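Residue numbers begin at 1 in each chain, while the letters A, B, ... track the order of the sequences. Owing to the predicted nature of the structure, the values given are computational and were not obtained by experimental measurement.
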Amino acid sequence: MPRNPLVMDCGIFTTRYKDDMAILHHPGAKLKVLAVIIVFAAFPLFASPYYVGVANLVGIAVIGALGLNILTGYTGQISIGHGAFMGVGAYTAGILTATHGLSFWIALPLGGIAAALVGAFFGIPSLRLKGLYLAIATLAAQVIIHFLIIHTPSLTKGTAGMVLPAPQIGSYRLDNDLSFYYLILILTIAAVVFATNIFRSRVGRAFMAIRDRDLAASVIGINLFQYKLLAFALSSFYAGVAGALWGHYMGVISPEHFTINMSIMYLAMIIIGGLGSIMGAIFGAFFMTLLPILLREAVSLFGGVFANISGIILSMQDAIFGLIIILFLIYESEGLAKLWKNFKEYFKLWPFSY
Amino acid sequence: MASAGTTGSGFLLKKGCIDQLTPQLTIEGLTLHFGGVTALTGIYLEIMRGEILAVIGPNGAGKTSLLNCISGLYRPSEGKIAFEDREITQLAPYQRARMGIGRTFQNIELFKHMTVLENLMLGRHVHLKPGLISSGLYWGRAQREEVKHRRRVEEIIDFLEIQSIRKKPVGMLAYGLQKRVELGRALAMEPTLLLLDEPMAGMNIEEKEDMARFVLDVSEEWGTTMVLIEHDMGVVMDVSDRVCVLDFGRQIADGTPEKVQQDPLVIRAYLGQQQ
C-alpha cells in the first residue's frame, strides 16, 4: 500500500540494525534529500549571476562553519582562531598556485592539510586548558598567524595581498560565478556527508564524549589528547579548504580578510545555527551570509520612503548582528537547527497528532 | 549473552571458580596525599580473579580515592598497582581501560546529550577500529564494524532490560535508569575488572534489588571481577565474597562478610567507641 507522503516516519519499523542506523531511514527522506539537491543544482538556471555569487559565498561559509562546529559545537573546544586557519589554507593554496604554478586541484587539499597541521599545533594547549582559557590560547593563534602573514612578504606579499589564478579543468577556466557554483556545491555536499558520517560513528562519538564529560571519556578508553588534536586538525582542514576555495573564487587575498572578525563571524554562525548540529552549521552559514544582503535589499526598498534610512541601518549592521545573537541565546539557545527540528516534529504527526 | 568470552581469560570463569592463587590486581603500599591531607595510607590489597570485593567505610574513608587510583584518575604518591601481572601505576586512564578495567561513578558520569545507544556504543570504543577517514566515509568495513558492535550493545540492552529507552537522550532519564545505563556502558567495554562506585546509592528498594541482581548476573555470566563500594550493609553482606574496610585512609579489616561484621575495629569505626 502506498504510504501517505504527508505522514513522515511514523510506522517505520526496521528489522536490520543496518537499516536502523541509516541516516535516511525512510523512503520519504531519500526523496526529500534528492529534491533539495536538484533544487540546488538547478538554481543557477533561474537565478541572476549576482545571486549565484551569493550562493557561492554561502557554500564556502557552510564548509567553514561545519569545520568550526566540529571543534566547538561537537567537541566542546572553543576556538577564536578559525579565521586564521582559513587564512593558512588560503595562503598555502595561493602560494602554491600563484607563485609555484601548481594546479589548483592539488593546492586545494594541500591548503587543507597545511591548515590541519597548524590547527593541530595550536590545539596542543587544549590538553590543559578549557573554556575561556582555551579561547584565549586560540586567540593567540589568530594574532600570531595574522602577524606572520603580514610580516613574511617574500612569501605572502604582505599587506599588498596576492592575486590568485583561476582554477582550470583542461583548458576550461573556472573564472566566473557559474563555473565555481558547481565546484562549491559538490565540495559542500561532500563536506556535509563526511561530517554527518563522522558523527554517527566511532570518532565522532568520541568527540561528543569529550564535550559532554571528558573524565568519563578517559575511563572508557578515549585518549583525550589524541582526539582533541584530531578535532582541531579536522576542523582546521575544513577551514583551510574553505579558505583556499574563497581565495581562488575571489581571485585576491590579503591579510585583512582573515582577522578576528572572521573568526567571530563563524562563531556567530554556529551559535545562531545551532551548536553541535550539522544542520545548524548550514543554517547559520545561510543566515549570516544572507542577512547583510537582505538588510541592504530592505534598505533600498524603503530608501524612497525614508531618505536617511540607508545610512542609519547599514551603519547599525553589526549592532543588528549582536542583537540577533543575544536574542537567540535567550530564546532558542540551540539555534535555528532546533527551530527546524520543532517544525519537523510538528509535521511528523500532522494532521492527526494522536 | 553466552558468546562473550572474547577478551582475556577472566571472562570465561564462572561464579564459584574464584581463582584464589593468582590475584588479578595487586596493590602494594598505596599512599595518596592531597597537599597536606592524606587520603590513603599504606593500602595492601590483592583482588582475586572472579571475586566480588566490597569496599566499605564511613564517609571520607578513602573508598572513592582507592577506585580513582585503580582506574588512573589519581596518581598515587607512593606504592604500586599491578594489573594482570603488569605494573600500571604510571599508565593513563585510557590505557587502563584498554587493558580491561571498567568503572562507574558515584555521581553519574554519562554523556548527557547523547542517547542510551550512543552511550553504550561509546563503551565499545576500545573494541571498534575505524579511524577518522573510514568513519567519515562510512563505507564497507566501517559500516560493518558499527553494525557488528551494535549487535553486542543490543545484547547488553536486553540484559539490562532497557530496550524501551534505547533512543532516548540520557539526560532525560530517571536517576535509577541512568545508573543502569552507566553500568551498561561499563559492561559494553567487556571489562575483566569492573569498579562500581556506589551503584545503588539513592535508589529505592526495588531498584536496589534490580541492581544487585544485575551485579550477580554479570559475575555469574562472565565471571567479571568486581570491586564495589556500597553503604547498604544488607547488599554488601549478600552480594560480596570478601569485604575490605577503610577508615581514615587506613585498611582496618579484610575478610569474609561474616568475619568483618564481628571485627571490633569495624564496629568501632562505624558506631564509635563506648565511653
Any chance the side chains of B/Glu87 and B/Thr89 put a donor and an acceptor closer than 3.5 Å?
yes
Should B/Leu173 and B/Ile162 count as side-chain neighbours, where that means a heavy-atom distance under 4.5 Å?
no
Would you check if B/Thr115 and B/Arg166 make a side-chain contact, meaning some heavy-atom pair closer than 4.5 Å?
no
Measure A/Leu230 against the heavy atoms of chain B and call it side chain, backbone, both or neither at under 4.5 Å.
side chain
Any heavy-atom pair between the side chains of A/Met208 and B/Glu118 that's under 4.5 Å?
yes
Proximity breakdown for B/Leu128 and chain A, heavy-atom pairs closer than 4.5 Å:
both
With heavy-atom distances below 4.5 Å as the criterion, would you say the side chains of B/Phe105 and A/Leu215 are in contact?
yes
Using a strict 4.0 Å threshold on nitrogen-to-oxygen distance, state whether A/Arg213 and B/Glu109 make a salt bridge.
yes
Where on B/Ile108 is there a heavy atom nearer than 4.5 Å to chain A: the side chain, the backbone, both, or neither?
backbone
For each of B/Gly136, B/Ala142, B/Ala186, B/Ala188, tally heavy-atom pairs with chain A at distances under 4.5 Å, and name the one with the top tally.
B/Gly136
Cation over ring face, A/Arg200 and B/Tyr138, 6.0 Å, 45°:
yes
Interface moiety of A/Arg16 toward chain B, non-hydrogen atoms closer than 4.5 Å
neither
In terms of heavy-atom proximity below 4.5 Å to chain A, should B/Gln143 be classed as side chain, backbone, both, or neither?
side chain
Do you know which of A/Ile220, A/Leu224, A/Asp20 has the most heavy-atom pairs under 4.5 Å to chain B?
A/Ile220
Which answer fits B/Lys167, side chain, backbone, both or neither, if we ask what part of it has an atom under 4.5 Å from a heavy atom of chain A?
side chain
Heavy-atom contact with chain A under 4.5 Å, split by part of B/Arg124
neither
Could you check whether any side-chain heavy atom of A/Leu117 comes within less than 4.5 Å of a side-chain heavy atom of A/Val88, counting everything from C-beta outward?
no
Between chain A and each of B/Lys112, B/Glu154, B/Arg98, B/Arg96, count heavy-atom pairs under 4.5 Å; write down the option with the most.
B/Glu154
Below 4.5 Å from any heavy atom of chain B, which atoms of A/Phe225 appear? Answer side chain, backbone, both or neither.
neither
Give the member of B/Gln95, B/Lys129, B/Arg103, B/Met99 that has the highest number of heavy-atom pairs under 4.5 Å with chain A.
B/Lys129
